[in-house]
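Ligands are counted one by one from 1 in listed order, and the atoms in each one are counted from 1 as well. Please read these numbers as outputs of a predicted model, since none were measured by experiment.
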Amino acid sequence: MKCKICKAEAVVALRSHNAAFCPECYKDFFARQVQRGIESRKLFTRNERILVALSGGKDSLALMLELSRQGYDVTGLHIDLGIPGSSAAARAGVERFCAKHGLALMVREMSAEGLPIPQVKARLHRPVCSACGKIKRHYFNKVALDEGFDALATGHNLDDETARLFSNTLRWDTAYLSDQGPRLDSEQGFVRKVKPLWRLSEFETANYAFLMGIDVHTAPCPYSPGASFTALKGLLQRLEAAMPGRKLDFYQGFLARGRPVFARREAEEGVCLAPCTACGYPTSSGDLCGVCRIREALRDTASA
Ligand code: AMP
Ligand code: FES
Ligand code: ZN
């Protein structure tokens with residue numbers, strides 16, 4: 001198989017693009033897709049400061065490296081969850097990666113914030129993943145705003161986004177359908193959130209990470225029974241195999257024709273947000289936000 005661009009030996013074949021690439025042309029393809037993803041949805045500019053959430057997995061590290069290669073002003077943020085047998089390795093991987101490439105990194109430790117995930121897990125009587133996700137998102141937002149960043153970027157890829165969209169659609173969750181997408185504008189108390197890898201699949205991102213020699217943290221979280229949306233990702237994978245390109249069409253069609261309809265409906269209904277009385281960040285759930293409620297519950301348990 002020959003590279004579509006330069007006719008050298010190809011190493012990656014992409015059915016959705018009806019193309020194969022050699023290593024160098026594949027890196028150019030990946031860079032173009034990221035650039036198109038950023039420009040077509042006006043995610044951010046080279047004059048803005050972007051905080052990139054780095055878990056240590058292939059997606060966020062690939063995103064960080066590619067944005068810095070393209071001359072964007074990026075700083076990494078790692079949330080150390082304090083999970084034994086997992087968090088130390090993820091953090092070390094992120095620190096090694098940033099040191100190797102000369103990239104700025106900030107780390108926030110959840111144990112120092114009164115929110116070590118093992119204790120959150122012990123206190124809850126349900127799976128810890130959704131509380132953990134809420135805590136991570138709270139700190140992504142808080143650090144970005146406190147440190148004056150223009151946007152917060154995550155490594156979500158096309159497979160993550162289409163699986164989430166499919167899940168939201170199966171439940172006809174109009175609130176989530178109204179604001180899912182690669183760009184969520186900033187509003188009072190919330191920084192702009194962006195997902196620059198939205199055009200690229202997990203396979204495409206994994207190939208880029210491999211070809212760029214990125215050392216990724218692959219161990220799954222010991223608290224999650226499996227990756228999220230596994231069944232839906234499998235279904236969409238089968239659809240893509242039968243109809244190459246369908247995943248991207250589904251997502252782009254939603255952004256163009258679905259989301260605006262749901263967004264109008266949500267705007268009519270209106271959501272009432274007020275500042276959390278403890279941390280000041282907006283919440284719709286009464287006086288304390290979800291994260292401050294968890295912190296409070298842990299404090300009560302410790303002093304009981
Ligand atoms: P996940 O929900 O684990 O698939 O992660 C989605 C995205 O959230 C990743 O691509 C990262 O950008 C970000 N992320 C997840 N976990 C962390 C973490 N511990 N620290 C910083 N960013 C994270
Ligand atoms: Fe949060 Fe596993 S990463 S529970
Ligand atoms: Zn709060």
Within 6.0 angstrom of [X] [atom1], more than 12 heavy atoms from elsewhere:
X	atom1	result
Phe190	CZ	yes
Glu269	CD	yes
Asp185	CG	yes

Report, in ascending order of atom number, the atoms of ligand 2 lying under 4.0 Å from any heavy atom of [X].
X	answer
Ser224	2 (Fe)
Val128	4 (S)
Lys136	3 (S)
Leu81	3 (S)

Would a distance-only check, ignoring hydrogens and angles, find a side-chain to backbone donor-acceptor pair under 3.5 Å from Ser40 to Arg36?
yes
Just which atoms of ligand 1 are under 4.0 Å from any heavy atom in Thr154?
12 (O)
Please could you name the atoms of ligand 1 that Ser60 approaches to less than 4.0 Å, counting only its heavy atoms?
10 (O), 11 (C), 12 (O)
Protein contact to [atom] [nearest heavy atom, distance to 0.1 Å]:
atom	answer
atom 2 (Fe) of ligand 2	Cys221 SG, 2.1 Å
atom 1 (P) of ligand 1	His156 NE2, 4.9 Å
atom 17 (C) of ligand 1	Ser55 CB, 3.5 Å
atom 10 (O) of ligand 1	Gly155 N, 3.1 Å
atom 3 (O) of ligand 1	Lys136 NZ, 4.3 Å
atom 1 (Fe) of ligand 2	Cys132 SG, 2.1 Å

Same cluster or not: Leu67 versus Met212, using hydrophobic residues (I, L, V, M, F, W, Y) connected whenever any side-chain heavy atoms lie under 4.5 Å apart?
yes
Angle subtended at the Zn ion (ligand 3) by Cys276 SG and Cys289 SG, to the nearest 10 degrees, is 110°
Ligand 2 versus Lys121, non-hydrogen atoms closer than 4.0 Å: side chain, backbone, both, neither?
neither
For ligand 2, the portion of Ile117 having any non-hydrogen atom under 4.0 Å away
neither
Assess the pair Tyr26 and Tyr208: is the distance between their ring centroids shorter than 6.0 Å?
no
Is NZ or CZ of [X] both nearer than 6.0 Å to the six-membered ring centre of [Y] and within 45° of the ring axis?
X	Y	value
Arg49	Phe149	yes
Lys142	Tyr281	no
Arg46	Tyr72	yes

Do any N/O atoms on [X] end up under 3.5 angstrom from N/O atoms on ligand 1?
X	value
Ala53	yes
Ile79	yes
Phe140	no

Taking both backbone and side-chain atoms into account, decide whether His138 has an N/O/S atom under 2.8 Å from the Zn ion (ligand 3).
no
Heavy-atom protein neighbour under 4.0 angstrom from atom 14 (N) of ligand 1:
yes
Would you mind telling me if ligand 1 is within reach of the side chain of Leu54, the backbone, both or neither, using heavy atoms under 4.0 Å?
backbone
Once you restrict to heavy atoms under 4.0 Å, what part of Leu77 touches ligand 1? Side chain, backbone, both or neither.
backbone
Could you give me the CA-CA distance, side-chain angles and deciding distance for Glu204 and Ser16, then say whether side-chain contact (heavy atoms from CB on, under 4.5 Å) is met?
CA-CA 11 Å; Glu204 290 164 347; Ser16 55; 3.9 Å; yes
Presence of salt bridge, Glu296 and Arg299, under 4.0 angstrom
yes
Indicate yes or no: at least one non-hydrogen side-chain atom of Leu236 is less than 4.5 angstrom from one of Asp159.
no
Gln35 and side-chain hydrogen bond (donor to acceptor under 3.5 Å, both in side chains): which single residue from Gln33, Glu39, Arg32 fits?
Glu39
